[in-house]
2 protein chains.
Amino acid sequence: MAKAIPARACPVAAFQKMISGKYKLRIVWDLKDGPRRYGEIRSGLLRGAGGSAEITPRVLSRELKALTESGLIDRKDFGEVPPKVEYRLTRKGKSFVPVVAAIREWGERNLNEAAALADAAE
Amino acid sequence: MAKAIPARACPVAAFQKMISGKYKLRIVWDLKDGPRRYGEIRSGLLRGAGGSAEITPRVLSRELKALTESGLIDRKDFGEVPPKVEYRLTRKGKSFVPVVAAIREWGERNLNEAAALADAAE
DNA sequence: CAGCATCCTGCGTGATACTG
DNA sequence: CAGTATCACGCAGGATGCTG
């Protein structure tokens, strides 16, 4: 089992580790416009997910924690009740946005149904 | 459960689906220099994996098939014994290479241990 | 050489309920 | 509001052995 991340050997492996999970990339993308609160992120994810799929707090929490530990985002807790927590991109996270943009751009161009069907010949 | 890929709603989700799996990105990257045979891909993956981790044929086979069905690579079977099969990037696959390059570049710049430690302040 | 068949395991993810 | 706790499950992915 490969448990340790051989980052130096293969950057893409480390990249995959870092963005593994269904929501991490979308969270980063959502955060590119500025800080957002927990609930806002949650709502934002729901809209694009296919509508009905409820993202559970447990999962979102894990994703956010993982992103924080990866150093892509930063957690800002305004103390006290009612709880208010904001998440924002770190410098590292911001530097990552263009990469996500590239992914999105490519995806929009090549992953639309038409392309998928028409590519049988290639 | 989100089973169908709502590609239009979220390109990154579709992207993640497409490159899910430990080896797909690396396979694409290996293939960027030209066609490669099954065994060559296998060997290539072993070198960067951490050395000891053996990639099983079952897994590699699955990844290659998935990539083929995604339209990123193309399988060319020179009939007959001894078996010889080459895999090459499709046009779609080639268009994807720059994205992988961006990922690698970012990874090399930001995923080395040093950077991870120095980012605490941010 | 380039796979396929079978079995097995850990982890990611979802459902549900509860809390400071 | 922003989480944590517990339970459950499908599936990626590894081990091993066989084949055309």
Side-chain angles (χ1 to χ4, degrees), chain A residues 1-5 13 16-27 30-31 35-46 49-70 73-88, chain B residues 1-5 13 16-27 30-31 35-46 49-70 73-88:
Chain A
M1 274 294 210
K3 43 211 325 119
I5 318 173
Q16 282 183 307
K17 280 274 179 195
M18 170 176 291
I19 59 115
S20 72
K22 295 174 60 175
Y23 308 101
K24 295 208 183 70
L25 280 181
R26 290 162 63 187
I27 292 171
D30 274 5
L31 257 45
R36 282 189 167 231
R37 299 181 57 178
Y38 181 92
E40 294 176 325
I41 297 174
R42 185 152 201 263
S43 312
L45 289 173
L46 289 184
S52 54
E54 274 283 332
I55 173 174
T56 60
R58 163 160 162 56
V59 174
L60 180 53
S61 190
R62 274 177 60 100
E63 302 274 76
L64 288 170
K65 197 167 295 181
L67 283 171
T68 304
E69 284 166 5
S70 299
I73 69 175
D74 188 32
R75 195 192 118 111
K76 185 167 201 171
D77 191 330
F78 303 74
E80 315 344 317
V81 291
K84 177 180 179 184
V85 181
E86 273 188 0
Y87 293 91
R88 56 186 270 270
Chain B
M1 270 294 213
K3 40 209 328 113
I5 318 174
Q16 282 183 308
K17 279 274 179 194
M18 170 176 291
I19 59 114
S20 72
K22 294 173 60 175
Y23 308 101
K24 295 207 184 72
L25 280 182
R26 290 163 63 188
I27 292 169
D30 274 5
L31 258 44
R36 280 189 170 235
R37 299 181 57 177
Y38 181 92
E40 294 176 324
I41 297 175
R42 186 153 200 261
S43 311
L45 290 173
L46 290 183
S52 54
E54 274 283 332
I55 174 177
T56 59
R58 164 164 160 57
V59 175
L60 179 52
S61 190
R62 274 175 60 102
E63 301 272 282
L64 288 170
K65 197 167 295 182
L67 283 171
T68 304
E69 283 166 5
S70 298
I73 69 175
D74 188 33
R75 195 191 117 112
K76 184 167 203 172
D77 191 332
F78 303 73
E80 316 340 317
V81 289
K84 177 181 179 181
V85 181
E86 274 188 0
Y87 293 91
R88 55 186 272 269

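All values derive from a computational prediction rather than experimental measurement. The chains referred to below are lettered A, B, ... by the order of the sequence lines, with proteins before strands, and numbering in each begins at 1.
Spacing between atom NZ of Lys22(B) and atom P of dC11(D) amounts to 20 Å, rounded to whole angstrom units. When rounded to the nearest whole Å, the span between CE of Met18(A) and P of dG12(C) equals 15 Å. Taking atom CD1 of residue Ile27(A) and atom P of nucleotide dT13(C), one finds them 11 Å apart after rounding to whole Å. Between the CZ atom of Phe78(B) and the P atom of dA2(C) there is a distance of 11 Å, rounded to whole Å. Atom CZ of Arg42(B) is separated from atom C1' of dC4(C) by 14 Å (rounded to the nearest Å). Atom CZ of Arg37(B) and atom P of dC1(C) are 8 Å apart (whole Å). Lys76(A) places its NZ atom 15 Å from the P atom of dA2(D), with the value rounded to the nearest Å. Atom CD of Glu54(A) is separated from atom C1' of dG3(D) by 15 Å (rounded to the nearest Å).
The base of dT16(C) is not paired with the side chain of Arg58(A) by any donor and acceptor separated by under 3.5 Å.
For the contact set between residues 59-68 of chain A and DNA chain D, defined by any heavy atom under 4.0 Å, the members are Ser61(A), Lys65(A).
Using a cutoff of 4.0 Å between basic side-chain nitrogens and carboxylate oxygens, Arg75(B) and Asp77(B) are scored as salt-bridged.
Tyr87(A) comes within 4.0 angstrom of the backbone, heavy atoms only, and of no base. Among the atoms of the strands shown, base atoms are found under 4.0 Å from some heavy atom of Pro57(A).
Checking dG14(D), dG20(D), dG3(D) against every side-chain atom of Pro83(B), the shortest atom distance belongs to dG20(D).
The shortest non-hydrogen separation linking Gly21(A) to Gln16(B) is O-NE2, 3.0 Å. Taking both residues in full, the closest heavy atoms of Leu64(B) and Ile41(B) are given as CD2-CD1, 4.1 Å, listed atom of the first, atom of the second, then distance. The minimum heavy-atom distance between Leu45(A) and Asp30(A), with the atom names listed, is N-OD2, 4.3 Å.
Phosphate contact (OP1/OP2 of dG14(C), side-chain N/O of Tyr23(A), threshold under 4.0 Å): present.
In this structure, the side chain to side chain contact (heavy atoms under 4.5 Å, CB included) partners of Arg62(A), at least two apart in sequence or on a different chain, are Arg58(A). Every residue meeting the side chain to side chain contact (heavy atoms under 4.5 Å, CB included) condition with Arg37(B), not counting sequence neighbours, appears here in chain and number order: Glu40(B), Lys84(B), Glu86(B). Here Arg42(B) pairs with Glu54(B) under the side-chain hydrogen bond (donor to acceptor under 3.5 Å, both in side chains) rule; sequence neighbours left out. Applying the side chain to side chain contact (heavy atoms under 4.5 Å, CB included) rule to Glu63(B) yields the partners Tyr23(B), Lys24(B), Ile27(B), Val59(B); only residues at least two apart in sequence or on another chain are considered.
Residue Glu40(B) is the one, among Lys24(A) and Glu40(B), whose nearest nucleotide of DNA chain C lies closer to the 5' end (criterion: closest heavy atom).
Expressed to the nearest 0.5 Å, how far CG of Asp74(B) lies from CG of Leu31(B) amounts to 10.0 Å.
Between its opening and closing five pairs, the helix from dC1(C)-dG20(D) to dG20(C)-dC1(D) changes axis direction by 60°, a value rounded to 10 degrees.
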